[in-house]
There are 2 protein chains.
Amino acid sequence: MKVLVVEDDQYHARYILDAISEELPEVTETMHAINGLDGEAEALAGSFEGIVMDLQMDLRNGIDAARTIWSRKPETRILFWSNYADEAYLRGISRIVPPNSAYGYVLKTASSSRLKLALRAVLLEGQIMVGRELDQLGRQNRRGSVLEESEYAILLDLALGLQDKTIAKRQNLSLRTVQNRLLSLYDKLGIGEEDGPPLNKRVRALNCALRNKVLNLQVLESAEMDYENRRKTS
Amino acid sequence: MKVLVVEDDQYHARYILDAISEELPEVTETMHAINGLDGEAEALAGSFEGIVMDLQMDLRNGIDAARTIWSRKPETRILFWSNYADEAYLRGISRIVPPNSAYGYVLKTASSSRLKLALRAVLLEGQIMVGRELDQLGRQNRRGSVLEESEYAILLDLALGLQDKTIAKRQNLSLRTVQNRLLSLYDKLGIGEEDGPPLNKRVRALNCALRNKVLNLQVLESAEMDYENRRKTS
DNA sequence: AAAAGTATTGCGGGAACCCGCAACGTTGTG
DNA sequence: CACAACGTTGCGGGTTCCCGCAATACTTTT
């Protein structure tokens, strides 16, 4: 079995490569890519059955890399290995996993045994394995409310800096509907409940989304590129 | 000599502890704190001459921890060891280094030899050592323009979501001056030059500042706490 | 099918924001 | 001192944003 490790942190890469060679004798060959772009190219060129993928990387983040890999080779087993339990990552991943595919999500703060277990379960056994800390992410948000997919889309557009009018055009909604979605977004993010002077809700929404880890820098970058591309080709 | 390592990533911590014990025989005792709060407490309680400090940590980030440590023990030598070359970090550090103190800033992507060199130079020899990648950060910004300290302060307030009026009050400026600073801020961040539909400049400014690494999540958190504290005690 | 609930849209107005114009103070240079 | 350069401040107006109110749709419940 061939496994590809996509990881830009030298210390983490060394550790995971060691772990694989020690604990998974079934793996006959490993390869190491040091960023998302490189990893994507290797994965498409070679014939890897399993991938360990870091999420936060330069050039191309793990989710974008995984999307193109899965779109060409949907049977590939991918174990995401990340420092952060961001809702943004989970949302990103859950939108790109192909049906019947094996994947997993393990935090880098997890113990070695947990990591090794996940390596075996996902790469060898083809199971789905997601840490419990991550699973309950959506629930604890604010007043137990999760962002609807539609609200999340608006949040992304807001985060890019688009105006209401532009968002309406993009999403094929009326101006007022966009503003309604923004209202419920503000509500769910808990904006307007602070004491002290009133705030600029738009900026505050982005601020809160970042601090609550509903968004992160990687998805901002992805959304930006997506927006640029779609704008140019239309 | 006693050295404290403040690092929440288990793999990085192990590596740096190994490196110290192998390469720096002068170090007789090492201690490991797993987050900023813990590290701060240990540093103030024990008598450490040198500290290796991660920047991105939960509970309390490295800069905030270093600030309180230096305010009580300004002679402490601190080597910052970070994944990211964010302008936000440099700004934060340069504002808290006490005069005549020894410190350094090394990226985690640096080679082992560079890291070991920095360990020796900063902790043992008391030199100042900053990687070259970091030093030129301020210059390449946009049209060769660096943010003035005053503009940076406004950017922070904007990022918190404060309104112009509130910012004016906080900084003891007139409303119009705040708006002028925002104008030059927009200019330096390159906002308003994009083609395509017009944008919400406020949100866009935050977005760009994050993507250009003028700001990052840690400074947002710090600014937030600072704002809350100052508001309550006034 | 009726009723109740929810999402979408329009209208309108007050507040905040963006910014050109012009007046004023400060600083520094010949 | 004069003059220029620059930061600060006020004024005014055009635009965007925030959001209550109310009229339709569309969905679910009874």
Side-chain angles (χ1 to χ4, degrees), chain A residues 142-209 227 231, chain B residues 142-209 227 231:
Chain A
R142 270 290 177 283
R143 87 190 83 268
S145 58
V146 195
L147 290 193
E148 308 291 332
E149 202 59 31
S150 66
E151 288 160 348
Y152 188 74
I154 297 256
L155 173 59
L156 276 183
D157 283 355
L158 178 148
L160 287 180
L162 303 191
Q163 299 186 337
D164 294 359
K165 213 189 328 176
T166 316
I167 301 179
K169 220 166 288 173
R170 242 165 90 80
Q171 314 254 357
N172 275 330
L173 297 171
S174 80
L175 185 63
R176 192 60 178 87
T177 301
V178 170
Q179 294 173 329
N180 275 340
R181 298 248 170 97
L182 284 175
L183 280 189
S184 61
L185 192 63
Y186 296 156
D187 185 38
K188 289 190 180 174
L189 290 172
I191 291 168
E193 300 166 11
E194 311 90 345
D195 39 337
L199 301 175
N200 180 310
K201 306 206 169 183
R202 241 149 204 272
V203 176
R204 189 65 180 170
L206 177 49
N207 182 312
C208 287
Y227 172 65
R231 200 168 56 71
Chain B
R142 271 288 175 283
R143 88 192 82 268
S145 57
V146 195
L147 290 193
E148 308 293 331
E149 202 60 30
S150 65
E151 288 160 347
Y152 188 74
I154 297 259
L155 174 59
L156 275 183
D157 284 354
L158 178 148
L160 287 179
L162 303 189
Q163 301 186 338
D164 294 1
K165 212 189 328 176
T166 315
I167 301 178
K169 220 166 289 174
R170 241 165 90 80
Q171 314 255 358
N172 274 329
L173 296 171
S174 79
L175 185 63
R176 193 58 178 90
T177 301
V178 171
Q179 294 173 330
N180 275 340
R181 298 246 170 100
L182 284 175
L183 281 188
S184 60
L185 192 62
Y186 296 157
D187 186 37
K188 289 190 180 174
L189 290 173
I191 290 168
E193 299 167 11
E194 311 90 346
D195 38 337
L199 300 175
N200 179 311
K201 306 206 169 183
R202 245 153 200 270
V203 176
R204 189 64 180 171
L206 177 49
N207 181 312
C208 286
Y227 172 65
R231 200 168 55 72

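Here is the naming used below: chain letters follow the sequence lines, and residue numbers restart at 1 for every chain. Computation of the quantities below employed the complete heavy-atom set of this structure, encompassing side-chain atoms and omitting hydrogens, waters and symmetry-equivalent molecules.
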Side chains of [X] and [Y]: does their closest heavy-atom pair fall under 4.5 Å?
X         : Y         : result
Asp195(A) : Arg231(B) : yes
Pro197(A) : Gln163(B) : no
Ile167(A) : Ile154(A) : yes

Next item on the list: Measure across Tyr227(B) and Arg170(B) and return the closest heavy-atom pair with its distance rounded to 0.1 Å.
Entry: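 Looking at all heavy atoms of both residues, the closest pair is CD1-NH1, 3.3 Å.
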
Checklist line | Flag, side chain of Glu151(A) to backbone of Glu149(A), donor-acceptor distance under 3.5 Å | finding: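 No.
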
Please report the distance, rounded to the nearest Å, between [atom1] in [X] and [atom2] in [N].
X         : N       : atom1 : atom2 : value
Arg204(B) : dC18(C) : CZ    : C1'   : 17 Å
Gln171(A) : dA7(C)  : CD    : P     : 16 Å
Glu148(B) : dC6(D)  : CD    : P     : 13 Å
Asn172(B) : dT9(D)  : CG    : C1'   : 14 Å
Leu173(B) : dG25(C) : CG    : P     : 18 Å

Note to self: Within the 4.0 Å limit for protein heavy atoms, which parts of nucleotides 17-27 of chain D are touched? Write it as a string from 5' to 3', B for base, S for sugar-phosphate only, - for none.
What the structure shows: SBBBB------

Check: Are any of Arg181(A)'s side-chain N or O atoms less than 4.0 Å away from OP1 or OP2 of dT8(C)?
Finding: yes

Next item on the list: Can you sort out the partners of Arg181(B) under salt bridge (Lys or Arg N to Asp or Glu O under 4.0 Å), two or more places apart, ordered by chain and number?
Entry: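 If we apply the salt bridge (Lys or Arg N to Asp or Glu O under 4.0 Å) test to Arg181(B), skipping adjacent residues, there are no hits.
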
Notebook entry, point to check: Nearest of dT9(D), dT9(C), dT8(D) to any side-chain atom of Ser174(B)?
Noted result: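 Looking only at heavy atoms from C-beta outward on Ser174(B), the closest nucleotide is dT9(D).
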
Check: Between the two end axes of the helix from dA1(C)-dT30(D) to dG30(C)-dC1(D), each built from 5 base pairs, what angle do you get to the nearest 10°?
Finding: 30°

Notebook entry, point to check: Pick from Val203(B), Asp157(B), Leu162(B), Asn200(B): which one makes a side chain to side chain contact (heavy atoms under 4.5 Å, CB included) with Val203(A)?
Noted result: Val203(B)

Next item on the list: Given side-chain contact (heavy atoms from CB on, under 4.5 Å), test Leu183(A) with Gln179(A) step by step and report yes or no.
Entry: CA-CA 6 Å; Leu183(A) 280 189; Gln179(A) 294 173 329; 5.8 Å; no

